[in-house]
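Before any comments, here is the structure.
Chain A is the first sequence line, chain B the second, and so forth, proteins listed ahead of strands; every chain is numbered from 1.
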Amino acid sequence: MSTLEWYLWVAAALLGLACVRLLLARDPLVRLIAINVAGSGSLLVLVTLAARTDPPDPVPHALVLTGIVITVAFTGVGLVLLRRIEEAAEDAAAETAGEAAGAPGEDGAAGNGEGP
Amino acid sequence: MGDDPVGLLDVLLGLAVVGVAGTALTARRRMGAVVSFLVLGVLLAVLWSRLGAPDVALAEAAIGTGVTGALFVDAVTRGPPETRGAPAARPAGPVPWQGVRAALPGGLAAVLLGAGLGTAFAGAVLAGTAPGGLTGQVLGRMDAAGVEHPVSAVLLNFRSYDTLLEVVVLFVAVLSVTATLGEERPRHAPPSARAATLVWFCRVLAPVLVLVAAWVLLAGSDRPGGAFQSGAVLAGALILMDTAGLGPGPDHGRLLRAALVVGPAAFLVVAAGGLVVEGEWLALDPAWAGGVIVALETLLALSIGVALTVVFLALGRGRVSPP
Amino acid sequence: MSAGLLLEILSAVLVVAGAGFFTVGTVGLVRLPDLRTRLHALTKADNLGLGLVVLGLVLQAGSVGAAVKLLVVWFLAMPASAVVAHLMSRGGGLGATGGAAEGPGTPGEGGAGGR
């Protein structure tokens with residue numbers, strides 16, 4: 001097996017592992033990590049194919065650079081959304097805890113349909 | 001490299017990468033997964049160097065591991081404590097059969113998918129379709145490129161349309177992130193008072209990092225480097241200053257907005273300039289291509305650094321005066 | 001024995017010794033019981049390991065510029081690890097402000113300075 005073929009198998013392993021984990025994991029953070037790993041696998045394919053010539057082909061390298069930046073962009077968005085979801089859950093939990101401990105006469109706490 | 005039989009270093013490196021990726025994906029608590037992910041990033045940087053891609057290795061170390069790692073760690077430490085605390089009790093016995101049985105379908109699917117993809121990839125290489133790639137074409141046009149490093153030439157001259165759209169993608173990411181800003185959230189564990197050591201360290205190191213960023217930017221002309229790696233180092237400097245309490249605050253909103261916009265705007269100006277002067281969108285006359293590329297890269301590095309910092313800050317900080 | 005061969009052997013010995021120190025530091029990380037003892041093992045062994053690896057590579061560097069850049073990597077990694085160890089042992093660890101976000105500084109400069 002040549003070096004390049006070996007790395008292609010490594011990339012396939014990364015992709016297989018990460019895609020399955022992406023579909024089966026429950027925690028959104030693990031899914032984000034899985035997307036990153038799958039991305040790295042596909043970038044590995046590109047760089048390996050670029051290494052077939054000497055000096056290495058610069059076009060796939062440029063594509064991989066672009067890919068890394070875009071990966072960090074959507075990972076950042078994903079993490080911020082994850083934090084917002086968790087914060088909303090925390091706020092909801094704090095509200096119900098507050099309501100349970102608050103005065104019983106607070107019927108209007110829900111407040112729907114009170115106004116026009 | 002294509003025909004050499006695989007050596008010990010490559011085998012070990014490949015196995016290490018797959019092993020650490022497996023650890024990152026199957027860790028039982030978040031912090032373990034994130035730390036494994038950081039290690040994976042470092043190993044990948046070594047892997048890119050081994051495959052003759054130093055630009056990609058720089059970008060992976062700075063952006064893929066540095067900034068993404070900071071984002072993940074920040075998200076985990078701000079998350080609910082029960083997700084990152086001690087893992088749940090394992091079932092008794094030397095081999096956790098329940099765990100193995102539960103993981104079996106997923107593992108089988110991963111093996112099948114990996115084997116299928118591997119056969120497909122290896123078949124493509126062995127068939128040897130167009131092994132020359134585009135190397136010859138790129139190297140043949142380097143004298144009209146304006147820079148001496150082929151990857152920089154491809155990024156900013158031959159395929160500058162891709163780079164323009166990439167910068168816009170980053171910009172859109174910043175917009176979507178700042179659209180969700182809320183009030184400032186305290187961390188779950190009470191933060192210790194800002195250590196004097198950390199503040200001193202950041203004061204000393206931030207100028208050094210800015211210098212390194214400038215060097216990486218200017219080195220991109222004739223050796224690996226460039227705007228993206230430089231922007232990531234700049235983002236690292238800003239994030240570091242933020243942890244010491246010296247970073248951009250709510251009253252720096254206007255400055256941040258300006259820095260964010262100047263990169264894509266300059267790129268659009270260059271593109272339109274090409275249209276006006278040469279008759280083609282994004283065309284660069286070889287006479288002043290070099291100067292234009294360097295100036296553009298500087299502004300791009302600034303914008304990229306600020307964009308990555310704003311995404312990091314939006315994870316938990318309060319209003320960063322959204323654009 | 002020519003000077004070139006001697007230099008190569010010396011550089012190989014230094015790099016392998018550095019790798020040995022890294023291994024010792026990792027064994028300490030895994031086997032020691034407490035945060036502070038682990039930090040102790042890590043900072044000392046890893047700094048020295050990095051220094052030996054860098055020195056071994058400096059001997060093989062093509063130019064003075066490349067050698068200086070390698071040394072800069074070492075000189076930046078040392079205070080970074082010292083500050084992180086200090087912050088972590090101060091009662092930080094998970095959840096403190098300073099300890100977690102130290103990431104972007106070191107890999108970026110380590111990657112850039114290694115040219």
Side-chain angles (χ1 to χ4, degrees), chain A residues 1-21 24 27 29-30 33-34 36-37 40 44-45 47-62 64-66 68-77 79-84 86-87 90, chain B residues 1-6 10 14 17-18 21-22 24-25 30 33 37 44 48 51-53 55-56 59-60 63-64 67-68 71-72 75 78-80 106 109-110 113-114 117-118 121-122 125 131-135 138 150-151 154-155 159 162 166 169-170 173 176-177 180 185 228 311 314-315:
Chain A
M1 185 186 291
S2 75
T3 310
L4 293 184
E5 208 184 317
W6 163 247
Y7 280 130
L8 286 175
W9 278 100
V10 169
L14 283 178
L15 274 170
L17 201 57
C19 288
V20 165
R21 205 58 193 137
L24 293 184
D27 188 1
L29 194 97
V30 175
I33 293 184
N36 270 296
V37 174
S40 299
L44 180 56
V45 172
V47 174
T48 310
L49 291 180
R52 282 182 300 178
T53 62
D54 181 31
D57 194 346
V59 177
H61 288 182
V64 167
L65 265 177
T66 307
I68 291 180
V69 173
I70 294 186
T71 305
V72 77
F74 72 67
T75 303
V77 174
L79 285 172
V80 170
L81 287 178
L82 176 63
R83 276 304 299 147
R84 298 292 171 251
E86 285 174 354
E87 285 168 8
E90 285 168 14
Chain B
M1 189 189 282
D3 301 321
D4 312 337
V6 53
D10 296 313
V17 164
V18 174
L25 291 171
R30 284 182 169 187
F37 177 71
L44 279 177
W48 303 139
L51 282 171
D55 301 75
V56 179
E60 175 73 45
I63 308 175
V67 178
T68 316
L71 287 171
F72 268 117
R78 288 183 187 273
L113 184 57
L117 285 172
F121 294 153
V125 166
L134 292 168
T135 318
V138 170
V151 177
V154 170
L155 263 183
R159 298 289 318 172
D162 299 340
E166 167 190 6
V169 164
L170 199 51
S176 35
V177 150
T180 68
R185 320 277 309 193
F228 294 99
V311 171
L315 259 185

Once rounded to the nearest 0.5 Å, what's the spacing between atom CD1 of A/Ile68 and atom CZ of B/Phe228? 11.0 Å

Nearest heavy-atom pair of B/Asp10 and A/Tyr7: which atoms, and what distance? OD1-OH, 2.6 Å

Has A/Arg84 got a side-chain atom pairing as donor or acceptor with B/Thr180's backbone, closer than 3.5 angstrom? yes

Heavy-atom side-chain contact between A/Leu44 and B/Leu51 under 4.5 Å: yes

Indicate the atoms forming the closest heavy-atom contact of B/Ala75 with A/Leu29, along with that distance. CB-CD1, 4.5 Å

Contacting region of A/Val59 [heavy-atom separation from chain B under 4.5 Å]: both

Residues B/Thr68 and A/Val72: closest non-hydrogen pair is OG1-CG2, 3.2 Å

Let me know if A/Ala18 has heavy atoms under 4.5 Å from chain B in its side chain, its backbone, both or neither. both

Closest non-hydrogen atom pair between A/Ala62 and B/Val154, with its separation: CB-CG1, 3.6 Å

Which of the residues A/Ile70, A/Val47, A/Val30, A/Val37 is involved in the greatest number of heavy-atom pairs with chain B at under 4.5 angstrom? A/Val47

Does any backbone or side-chain atom of B/Ser176 lie under 4.5 Å from a heavy atom of chain A? Answer side chain, backbone, both or neither. side chain

Pick whichever of A/Val77, A/Thr75, A/Val64, A/Val69 has the most heavy-atom pairs under 4.5 Å with chain B. A/Val69

With chain A, the option among B/Ala53, B/Ala33, B/Ala21 that has the most non-hydrogen atom pairs under 4.5 Å is B/Ala53

Heavy-atom distances under 4.5 Å only: say whether B/Leu25 touches chain A with side chain, backbone, both or neither. both

Quick check: does any side chain N or O of A/Arg83 sit under 3.5 Å from a backbone N or O of B/Arg78, one acting as donor and the other as acceptor? yes

Top residue by heavy-atom pair count (under 4.5 Å) with chain A, among B/Asp55, B/Val177, B/Leu170, B/Leu44? B/Val177

Between A/Pro55 and B/Thr135, the two heavy atoms sitting closest are O-CG2, 3.4 Å

Side chain, backbone, both or neither: which part of A/Leu24 has a heavy atom under 4.5 Å from chain B? side chain

How close do B/Leu71 and A/Gly76 get, heavy atom to heavy atom, and via which atoms? CD1-CA, 3.9 Å

Heavy-atom pairs under 4.5 Å with chain B - which of A/Thr71, A/Leu82, A/Leu14 has more of them than the others? A/Leu14

Can you tell me how far the CZ atom of B/Phe121 sits from the CG atom of A/Leu4, to the nearest 0.5 Å? 14.0 Å

Quick check on the interface: out of A/Leu8, A/Thr66, A/Leu17, who has the most heavy-atom pairs with chain B under 4.5 Å? A/Thr66

Contacting moiety of B/Val138, where chain A heavy atoms sit under 4.5 Å: side chain

